[in-house]
2 protein chains.
Amino acid sequence: MEESQKYRKSRQREKILEILHGTKTHPTADTIYLIMKNEYHDLSLGNVYRNLNILVETGKIRRLDFGSTFNRFDGNCEMHPHFVCEKCNSVRDLVLIDNFNPADFIKNLNGKTVKEYSLEFFGVCENCR
Amino acid sequence: MEESQKYRKSRQREKILEILHGTKTHPTADTIYLIMKNEYHDLSLGNVYRNLNILVETGKIRRLDFGSTFNRFDGNCEMHPHFVCEKCNSVRDLVLIDNFNPADFIKNLNGKTVKEYSLEFFGVCENCR
DNA sequence: CTGGGTGCAAAATCTTTGCAGATCC
DNA sequence: GGATCTGCAAAGATTTTGCACCCAG
């Protein structure tokens with residue numbers, strides 16, 4: 001009764017989680033697929049997508065979206081901002097000062113209930129200057 | 001030499017701009033297409049996309065992206081945050097207090113040059129509570 | 001006239017899904 | 001054994017693009 005009964009354990013799903021926990025590169029579904037393909041030779045991309053969706057649904061990972069045509073995924077579910085470099089397309093984690101709440105800076109939040117927010121920066125990273 | 005010589009004037013492109021300036025609903029390409037279809041009966045969706053891309057490129061409009069599978073567009077190019085209601089899917093403009101700069105709250109910006117940022121809130125709007 | 005603009009249809013890209021067989025508990 | 005998981009392939013959804021014709025300057 002602790003864990004969801006909805007999903008069984010799956011070696012491939014755990015591998016995806018392991019990959020996402022072991023990197024800060026915020027890979028796309030396809031990148032994850034290619035990494036796993038070395039080990040799971042008959043892996044299908046559709047299954048990677050299925051498992052990524054399950055992991056997002058169960059709150060184990062986060063889906064990121066930066067205006068590109070594809071999603072990236074993040075094994076770190078804590079809310080944190082990112083920096084996207086327009087030259088090398090890398091995505092880096094940023095760290096906020098403590099107790100930062102962007103809703104404090106909005107004038108017209110009125111009766112809206114904020115559950116989440118996303119804060120993303122775009123520019124040129126230190127390696128690409 | 002004032003305006004870009006790259007693009008000629010186009011009635012349809014101007015109509016798109018007019019629609020985006022006249023609404024706060026942040027419509028999708030398809031919505032814009034449907035609105036225009038009343039007036040331009042043989043309009044094609046491809047052409048709406050082409051013109052939206054040109055308008056984004058020339059800085060006349062902004063492309064928005066909220067993790068959905070499709071883009072929305074905004075005629076207001078001033079940087080401003082949005083609120084996305086998870087119930088009615090509406091997208092509202094938010095207003096920041098003066099002189100707010102989110103980069104001031106990041107600990108590890110290091111040598112990165114920020115050109116833009118996006119700040120989006122998700123939750124339930126006042127009409128959907 | 002010349003080169004951008006357009007509709008049309010096909011293609012491209014990313015993601016989801018139906019199905020039948022394999023696997024886990 | 002029954003539900004979940006998987007690969008495969010097809011389908012979906014959104015966006016882009018090649019082409020031939022049209023039109024603005």
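Keep in mind it's a predicted model, so treat the numbers as computed, not measured. The chains referred to below are lettered A, B, ... by the order of the sequence lines, with proteins before strands, and numbering in each begins at 1.
The salt bridge (charged side-chain N to carboxylate O under 4.0 Å, His left out) pairs that include a residue from residues 65-88 of chain B are A:Lys115-B:Glu86, where partners are two or more places apart or lie in different chains. Residue pairs meeting the salt bridge (charged side-chain N to carboxylate O under 4.0 Å, His left out) criterion with at least one member in residues 23-43 of chain A, sequence neighbours excluded, are A:Lys15-A:Glu39, A:Lys24-A:Asp93.
Using a 4.5 Å cut-off between side-chain heavy atoms of Ile, Leu, Val, Met, Phe, Trp and Tyr, A:Tyr33 falls into a hydrophobic cluster with A:Ile16, A:Leu17, A:Ile19, A:Leu20, A:Ile32, A:Leu34, A:Ile35, A:Met36, A:Tyr40, A:Leu43, A:Leu45, A:Val48, A:Tyr49, A:Leu52, A:Leu55, A:Val56, A:Ile61, A:Phe73.
Closest to the B:Arg13 side chain, of the nucleotides C:dG7, D:dC8, C:dG5, is C:dG5. Of the candidate nucleotides C:dC25, D:dT6, D:dG25, C:dC25 has the atom nearest to the side chain of A:Lys9.
A continuous path of Ile, Leu, Val, Met, Phe, Trp and Tyr side chains, each step under 4.5 Å between heavy atoms, connects B:Leu119 with B:Val114, placing both in one hydrophobic cluster.
Rounded to the nearest 0.5 angstrom, B:Leu94 CG and B:His82 NE2 are separated by 8.0 Å.
By the 4.5 Å heavy-atom criterion applied to side chains, B:Phe83 and B:Val91 are not counted as neighbours.
Of all heavy-atom pairs between B:Pro81 and B:Phe121, the closest is CB-CE1, 4.1 Å. What you find for A:Cys125 and A:Cys85 is that their closest heavy atoms are N-SG, 3.4 Å.
Remark: B:Phe100 pairs with A:Phe105, B:Phe105 by the ring-ring contact (aromatic ring centres under 6.0 Å, His included) rule, at least two apart or across chains.
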Within the sub-3.5 Å range, which N or O atoms of nucleotides 13-17 of chain C have a protein N or O partner, and how far apart are they?
{"from": "C:dT15", "atom 1": "OP1", "to": "A:Asn71", "atom 2": "N", "distance (Å)": "2.9"}
{"from": "C:dT15", "atom 1": "OP1", "to": "A:Asn71", "atom 2": "OD1", "distance (Å)": "3.3"}
{"from": "C:dT15", "atom 1": "OP2", "to": "A:Tyr49", "atom 2": "OH", "distance (Å)": "2.1"}
{"from": "C:dT15", "atom 1": "O5'", "to": "A:Tyr49", "atom 2": "OH", "distance (Å)": "3.2"}
{"from": "C:dT16", "atom 1": "OP2", "to": "A:Asn53", "atom 2": "ND2", "distance (Å)": "2.9"}

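The phosphate of C:dT6 has OP1 or OP2 within less than 4.0 Å of a side-chain N or O from B:Ser10.
Residue B:Glu14 contributes atom CD, which lies 12 Å from atom C1' of D:dA24 at whole-angstrom precision. Across the protein-nucleic acid pair, A:Glu57 atom CD and D:dT4 atom C1' stand 14 Å apart, rounded to whole Å. In this structure, the CG atom of B:Asn51 is 11 Å from the C1' atom of C:dG4, given to the nearest Å. Going from atom OH of B:Tyr7 over to atom C1' of C:dG3 covers 13 Å, rounded to whole Å. Separating the CD1 atom of B:Ile54 from the C1' atom of C:dG4 is a distance of 9 Å, rounded to the nearest angstrom. Nucleotide D:dG2 holds its C1' atom 8 Å from the CZ atom of A:Arg8, rounded to whole Å.
Taking a 4.0 Å limit (strictly below) on heavy-atom distances, residues 33-43 of chain A reaches DNA chain D at A:Asp42, A:Leu43.
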